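Just so we're on the same page: letters track the sequence lines, and every chain starts at 1. It should be emphasised that the depicted structure is a prediction, and the values quoted were computed from it without experimental measurement.
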Amino acid sequence: MIPSAFDYAAPTTVAEALGVLADAGDDVKVLAGGQSLIPVMKLRLADPAMVVDLGRIGELSGVRDDGDALLIGAMTTHHQIATDPLIVEHVPLLAQAAATVADPQVRHRGTFGGALVHADPAGDMPAPVLAADATFILAGPNGERRVAAADFFQGYFTTAVDDGEILTHIRVPKYTGWGSHYEKFTRVAQQWSIVAVAAMVRVEGGTIAEARIGLTNMASTPLRATAVEQALAGAPLTAEAIATASAHAAEGSDPASDLNGDAAYRRHLAEVLTKRAVIAAAGL
Amino acid sequence: MTITEVGRARLRKEDAHLITGRSRYTDNMTLPGMLHLAMVRSPFAHAKITSIDTSAAKSSPGVVTVLTGADVAAEQGSLPNVWPVTAEQKAPAFPSIAVDEVAFAGEVVACIVARSAAAARDAVELVDVSYDELPVVLDLEEAFTDKVLAHSNLDSNLSATWVFDSGEAGTGKPIAEALANAEVLIERTFYQQRLIPAFMEPRSIVVDPTSEQITMWSSTQIPHILRLILALTLGLPESKLRVIAPDVGGGFGGKLTVIPEEFITLMAARRVGKPCKYTETRSESLQSGHHGRAQVQKVKLAATKDGIVTGLDIQLLADMGAYLGIIGSGVPILGAFMYNAIYKFPAYRLECNNLFTNKAWTGAYRGAGRPEATFAIERLMDELAVELGMDPLEVRKKNWINNEEFPFTTVTGLEYDSGNYEAATAKAVELFGYDELRAEQVRRREANDPVQLGIGISTFTEMCGLAPSRVLGALSYAAGGWEHAQVRVLPTGNVEVVTGTSPHGQGHETAWSQLVADRLGVPFENIEVLHGDTQVSQRGLDTYGSRSLTVGGMAVLAAADKVIEKAKVLAAHLMEASEEDIEFTDGKFSVKGTDQSTAFGEVAFAAFSAHNLPEGFEPNLDSDATFDPQSFSFPHGTHLAAMEVDTETGQVTIRKYVCVDDVGVVVNPLIVEGQVHGGLAQGIAQALYEEAVHDDAGTLVTGSFVDYLVPGAPDLPHFTTARTETPSTTNQLGAKGVGEAGTIASTPAIVNGVLDAVRHLGVKDIKMPCTPSRVWAALEEAKTTGGVQ
Ligand SMILES: Cc1cc2nc3c(=O)[nH]c(=O)nc-3n(C[C@H](O)[C@H](O)[C@H](O)COP(=O)(O)OP(=O)(O)OC[C@H]3O[C@@H](n4cnc5c(N)ncnc54)[C@H](O)[C@@H]3O)c2cc1C
C-alpha cells in the first residue's frame, strides 16, 4: 500500500492554491481529508504527479450564517457538519446524514467538500445537498462561479468542477422548522449506502405542505424523487398517504447492480426507505 | 496442592505490551542492511506464462534483483501437502513462483528485491509478463464434470475421493438399508461459501541469512512445522534454520500453513546475502492467503415418523482451490467424523470429493471441517422437525446421546468420553426464555407483523485436542499430534515454562502460568512462558484445532510434576529425611509428621549451587515432558438465537443470542469468554456477512474490506454466555478445547433462526450469507410460487 511518488504543495490561501494548480498542469489532484484520494493512490488507481493539500487554508473551513442560508466551507469535516449548532438548527438533514458516514476517525478527517467533489453514487452527502437545493461556489483561474446542485453532479464520480478549479463553499438555504430524516440502508454498521433517502418535510396542520426528497445510490448521481415530492404536496399526514406517495420513489432512477443487491432490489428499497424517511421526518 | 489459580479470571499477561504499542510484530523488525520484497502477481486465474521481461524492473532505482520462477526453478521445489487423504491423491506441483502456468489470480510470477519497500513496489509495474489465457473453472459442480480443467497438465480436477461407510467400517449399519427403509427422507443441498480468514495482522516475513544459522521471523501459527517443511523442501539442513513467530496478530487457521512468500523470502535472502523483508498488503492478504470452507454438501437424512434418525448420507464436493495446501486435503475429513454430532443414529456414509478450481487454495479456517458438518446436521434436524411438525428441540432430544450413555462410541467410531446435552440445553432454554419467545413468534405471525421472529437452535459438539498420534497416522497425516513442554527452574525458584504451542492471541502465557503456579506453588508473576522460537522451544507442534490446553497444557503439567519428583529427592537429602516421607504442598517440601520444611526456592538454589547434592543427582531441576493424547476431547453446547427479519427490506437482526458451552474445566474464565465471543462473531459472519466472491474470470471481487464484510462490534448483539462443566476424562485437568466452539455452533443457529422467521411465508432455504437482498428475493419468490411449505 505505497503510492507512486508525487510532489506536494500546501498553500495557505485559495489564490495561492489556484496558482499552484495552474502551474501544475493536468496531472494534479487536490487533497482535502484524503479519505477517498489516499486509498485510491495507495491502490495505485490514481497516481497524480502533484498533490495540492487544502488543509492549511483556514478560510475553507467552518459554517457561517449568511442570511437566508448557511455558508459552509468545503474543508469543514463530517464531524463538524454533524455537530455544528447552525446546521443542527437550520438544516438538520445535513447533520443527520453526516453522522452516518463511516466511523469517527473518517468523520474527523473527511470533509464536506471532498465528499461532494468525489461524488461517489453511494456517498451520503450529495443527496441531502441536492434535496436542499444548495449552491456550489467554485474558484478558478477566471474567478468565482456558482453552480446549482441540480447541475453540479454530472455522472459517476463526475461533477461540474473543472481542472484548475477548487470548490470553496457550499451555500445551503435554511429550512428552519422543517422536519427531516436521513434513512440509510447498509448491511454492516460502517458501510457506504446500499440505498439511502434524504427527506425534508414541512407540515402544516394535518397536511404535508411541501416535501424534498433526495435519493442516494439510485443512479450514477444523486436524484430528486420528484414524483414523490409532488404526490406528497398537500397530502394528509397519514402513514397510508405517505406509503402511496412513496411507491413513486424509484421512478426515473437507474440503480446499479452489485454484491449488495441488484437494481430491482434497490428500486424496492427506495420505496420502503422513502416511506420510512418521510414518516420519520414528519414525526409520525 | 491448593488451587488458587485455575478457575481464576485473571487479566492476560500478554495484553499490556500489545495495547500500549510495545508489540513486536514481524513487520516491526528492522535489521541492518535489510532489503525489501514486493511480489508480481498474476492478474489471470488461469494462463500460460509465455515470457517475462524483467529488464526495466531490474534497472529501476533501488532494485537489487528480480527473481522469476525460472531463476529459482532448480531450488524452489514444491510446497508440500502433508495429508494425502488417499493413496491415489493427485496434486499439481506447487512452486513458490510460478514457472509455466498460473492457476489462480494472485499467484506469484516474480519477486522484486529492492533497497526500500517503495522502490520494490514501483518496480512491480515494470515487470512485463505475457500470458496466454486458458479457460477457468470456478464452480465446484462444474469442476466435478471435468469439462474445464484447472491445470492443463492434470487429466481431472478430482484430487481424491475419500469415503467413510459405517457398514464397511463396522461402526454401524449400511446406509443403503436406512435410506431404503426411511419413513421420512430429507434431501437437501447446502452451500458452504468460501470465506477468508481475514486475520488483522497481514502476513509478514523477515529472513536474516547473515549467520551460520539462518533466522526467519514469520507471522505464523506453526514455527516448528514451518522450519521442518522449509528444510525438507529446499534441501537445507534443519539445524541451519531458526524460525521465530514473534507477536502474531491472529490466524484463525489462515496462518496454519506454509506460504510461497516464506520460501521466496528465504531464497531471496540467501541469494543476495542480506536480510530481506516481505509484508503483504491487505489486498494481497485477501486475494492470495488461503481461504476456507468452500464446499457443496448433498445430504440425505433418513428418519422414522416419530422423528428418530436412522441414517445420514453425505456427498461432499470440497474446493481445494488451485493447489493442495499443507492440510487443505484433510480439512473436510476433519468434519467427516462430526456429521453425526451429538446424535446416535445407526448408519452413516460420507463421500468426499476434493476438487481443484482456479481460485486461491483452501486450508484450515476456524473449525476446519467441523463448522460445515455441524451446519449440515443442525439444519437437517430443523428440516426434520418441520417435516414432522415437531418442536426442533424435541427432535434433538429424541436423538441425542443421553448423559447416562457416556462413554459412547459413535457411528464414526469415535469414543465420546463425556457430555451432558440435557443440562446445557435446559440452561440455555431458561436463559433464553424459549417459551415466551415462541409465544411472541405466534403473535407476530398472526398479526402479520412486517418484522417476523424466528428461533434458531444449534446443539453442537466438536472434536478437539488434535490429536492422538496413532489416529493421525491412521488418517495418513504425516506428523503426530503430541506436544512438548519444559519447565526450567532458575536459581531463585522463579520458573520459565517453555511450550511447543505457538499462541497468536489465545493467552497461553497467562493460562500456562496459572497451571504452573498451582502445581509448583510459585507466584503467577514469577513464571515466564516462552514460545514461538525454535531456538528456545526446541520441540513442538504449534497451535490450531483447539489443541493447546488439552495437549500442550498437559505437557506443561507433566513437566511440572517431573520437577517436583526431582526436587523431592533433593529436599529429602537437604532435610536428612527419607524420600517417601517428603510431601509437597503450596510451594513447600515438608517431612511428614514433623514441622521441618524447605521452600521450593531453597531447593532450587541448592540445585544451582550444587554444594550438597545426593549421590548421582544432576545439579538442576529442569524437566521436559511430551504428551500424546489418548483421545480427543468433545466440547459441546446449546446455542439459541432469536432472529428478527424485516420482511420489507430483508434485513436480519439478532435480537437475542444465548449460548451455554461445556468446555469442561476452565483455567481462565475471562479467556474462555473471549474465545467464545470471537468465535461467535466469526460464525455469525458466515451466516450473515462474509463471502469471497469471484467474477467470471476468476478475479476476487471482494478484494478489500469495502466488499468483504467482516462484522464489527456494532453489528453484533450482546451475547448471553453461560457454561455447564462436564469434565473431560481424557486429560488430567478435565479440560476441553474452546477456540472453535463459538464459530462451529453459531452459523447454523443463526440460519435456522432466519428460516424459522420466514418459513411460514413459504421460504424453504436461503444461501449463506443471508444478506438482505437474498432474504428479500426469497420472500418475493415465495410470493410468486405462492407455496407455503
Ligand atoms: C473507511 C471509510 C468509510 C467511508 N464510509 C463512507 C460512508 O459511509 N459514506 C460516505 O458518504 N462516505 C464514506 N467515506 C468517504 C468519506 O466521506 C470521504 O471523506 C469523502 O468521500 C471524501 O472526502 P475527503 O475530504 O476525504 O476528500 P479527499 O479524499 O481528500 O478528496 C476526494 C476527491 O475530491 C477532490 N477534492 C476534495 N476537495 C476538493 C475541493 N475543495 N475542490 C476540488 N476538489 C476537491 C480530490 O481531488 C479528490 O479527487 C468513507 C471513507 C472511508 C475511508
NZ (B:K767) with more than 12 external heavy atoms under 6.0 Å: no

Shortest non-hydrogen contact between B:P714 and A:A189, atoms and distance: CB-CB, 3.7 Å

Greater than 12 external heavy atoms within 6.0 Å of A:Y156's OH: no

Max heavy-atom pair count under 4.5 Å with chain A, selected residue of B:V701, B:D715, B:V693: B:D715

Residue selection (most heavy-atom pairs with chain B, distance under 4.5 Å) from A:R266, A:Q190, A:M1: A:M1

OH-CG distance between B:Y708 and A:L259, expressed to the nearest 0.5 angstrom: 12.5 Å

Between CG on residue A:D47 and CG on residue B:D122, distance to nearest 0.5 Å: 10.0 Å

Contacting region of A:R44 [heavy-atom separation from chain B under 4.5 Å]: side chain

More than 12 heavy atoms from other groups under 6.0 Å of CZ on B:R655: yes

Between CG on residue B:D707 and CG on residue A:D258, distance to nearest 0.5 Å: 8.0 Å

Selection from B:E780, B:Q651, B:E691 maximising heavy-atom pairs under 4.5 Å formed with chain A: B:Q651

A:Y265 to B:T649 - nearest heavy-atom pair and separation: OH-O, 2.6 Å

Proximity breakdown for B:D646 and chain A, heavy-atom pairs closer than 4.5 Å: side chain

Structural part of B:E284 lying under 4.5 Å from a heavy atom of chain A: neither

Proximity breakdown for B:S283 and chain A, heavy-atom pairs closer than 4.5 Å: side chain

Side chain A:R187, main chain B:P772, donor-acceptor under 3.5 Å: no

Nearest non-hydrogen partners of A:V272 and B:E648, listed with the distance: CG1-OE1, 3.6 Å

